[in-house]
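Following: one structure in structure tokens, then a few remarks.
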Amino acid sequence: MELELLKTIWEEADIKPFNNIASGDAILKMSKRPTLNMIERMRRNLQIEVIIVVVCVTVIALFYFSAFNGQLQEISWMYIFLATVFLFYYYRKNKLLIRIQCPACNVKSNLELQLNTLEKYIRLYLTGGIILVPAVLFSFYLLAYYKHIILFPFTNLSFIAGLLTYTAIVAIITAVLFFLHRWYIYKLYGRHIQRLKSMLNEMREVI
Amino acid sequence: MQHITPLTTDNIQQYFLDAIRQHNGIIHKVCRLYCHSAEDRQDMFQEIVAQVWKSFPGFRQEAKISTWIYRIALNTAISDFRKNKGKIKTIILNPHEIQSIYDYEDEKQNEKLQLMQQAIDRLSDVEKALIMLYLENKSYEDMEEILGMSQGNLRVKMNRIKEKLRKNIAHYEKE
């Protein structure tokens with residue numbers, strides 16, 4: 001079979017355009033369906049995360065503002081502060097997701113844009129996610145110190161020894177979470193990134 | 001399709017419908033090339049239509065609408081279209097709507113068409129895009145505009161793909 005014959009077969013396989021009114025309605029129905037491509041799903045998941053954080057923090061903050069005659073309202077403020085940091089992190093992630101694709105651009109530009117933005121997104125996901133772990137843990141430490149809560153009740157550790165022990169625990173937790181986080185992120189996006197890279201290499205191939 | 005009047009909120013829907021009606025063949029061909037099952041094709045068709053609608057307000061009328069639709073369709077098929085169907089939410093349409101939109105002629109595909117499909121299936125996603133534009137008689141200028149690859153690179157790649165395709169076809173013909 002010659003390639004010219006392929007063209008003929010291809011042309012024969014063509015379909016007639018549809019042009020009735022019912023089809024117009026169908027097209028509009030399709031056009032307004034929620035797109036469930038990868039980016040839209042990432043944005044939707046992010047929105048769900050934001051809603052969960054806002055709801056949980058609101059409930060916890062309201063509880064500590066009203067419970068114990070308001071004596072532990074610092075906990076509420078700490079949660080509000082941490083939630084604000086989280087929201088900034090989510091805002092940055094969402095901003096990257098908004099500009100991650102350009103469907104109307106040429107294919108190569110779109111792939112480059114996707115790859116570059118996805119790599120930035122992953123860096124933010126990894127670094128932001130990891131910075132937040134010690135930030136949260138040290139906030140709790142400060143709060144405990146401020147409210148005279150003993151963190152290691154069955155030991156006779158001095159302030160410095162207690163702080164060092166706590167720092168060591170935070171470091172271990174952060175390190176473990178860093179590797180878990182990295183593994184999870186590459187499990188989520190690693191294959192897609194490799195696919196984008198291989199397609200771009202194919203398109204850039206030197207003659 | 002040439003728009004003389006600018007796109008406004010009042011006429012955008014009509015222009016969009018005209019564009020899809022006029023160029024649904026492009027979308028269908030991309031679906032045929034990248035999807036194997038009728039269900040996948042249906043879902044990809046809807047995804048591309050949704051993407052065209054989302055991008056429509058940004059359409060520059062000086063560009064050719066067909067080129068623009070090729071870009072969106074190929075971008076959706078190549079760079080994004082998910083492979084797993086777990087969360088697919090295909091819009092349910094009436095039978096007459098389905099008949100007018102999707103090509104359910106699969107069963108009637110002749111042997112040669114199936115042979116061509118099999119040979120093309122062995123190409124990479126980028127190669128599929130190139131061969132599709134070749135089969136559509138697109139010039140290298142158009143290919144460059146759609147794919148973003150230099151014309152020199154396109155020519156070299158096209159020759160390689162043609163050779164690859166010849167081998168694939170010969171292989172299947174022997175079988």
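Quick note on labels: first sequence line is chain A, next is B, and so on, each numbered from 1.
Distance CD/B:Gln13 to CD1/A:Ile27: 10.5 Å, rounded to 0.5 Å.
Using a 4.5 Å cut-off between heavy atoms, B:Ile26 does not touch chain A at all. With a 4.5 Å cut-off on non-hydrogen atoms, B:Tyr134 touches chain A through its backbone and its side chain both. At a 4.5 Å heavy-atom cutoff, the contact between B:Leu135 and chain A is made by backbone and side-chain atoms alike.
Two residues are said to be in side-chain contact when any heavy atoms from C-beta on lie closer than 4.5 Å; B:Glu127 and A:Glu202 meet this criterion.
In A:Arg43, the CZ atom is crowded: over 12 heavy atoms of neighbouring residues, nucleotides or ligands sit closer than 6.0 Å. No more than 12 heavy atoms of other residues, nucleotides or ligands shown are found within 6.0 angstrom of OH on A:Tyr91. Within a 6.0 Å sphere centred on NZ of A:Lys120, heavy atoms belonging to other residues, nucleotides or ligands number 12 at most.
Put simply, of B:Lys54, B:Glu145, B:Arg71, B:Arg155, the one with the most heavy-atom pairs under 4.5 Å next to chain A is B:Arg71.
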Scan the side chains in residues 56-70 of chain A for donor-acceptor partners under 3.5 Å anywhere in the protein, sequence neighbours excluded, and list what turns up.
from, atom 1, to, atom 2, distance (Å)
A:Thr58, OG1, A:Val54, O, 2.5
A:Ser66, OG, A:Leu62, O, 2.9
A:Ser66, OG, A:Phe63, O, 3.2

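For residues 102-113 of chain A, a heavy-atom distance under 4.5 Å to chain B picks out A:Cys102, A:Pro103, A:Ala104, A:Cys105, A:Asn106, A:Val107, A:Lys108, A:Asn110, A:Leu111, given by residue number.
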- Under the side chain to side chain contact (heavy atoms under 4.5 Å, CB included) criterion, do B:Met149 and A:Arg204 qualify, and how do the steps go? CA-CA 7 Å; B:Met149 293 164 73; A:Arg204 287 171 186 155; over 6 Å; no
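Here the closest heavy-atom approach between residue B:Asp125 and residue A:Met199 is recorded as CB-SD, 4.3 Å.
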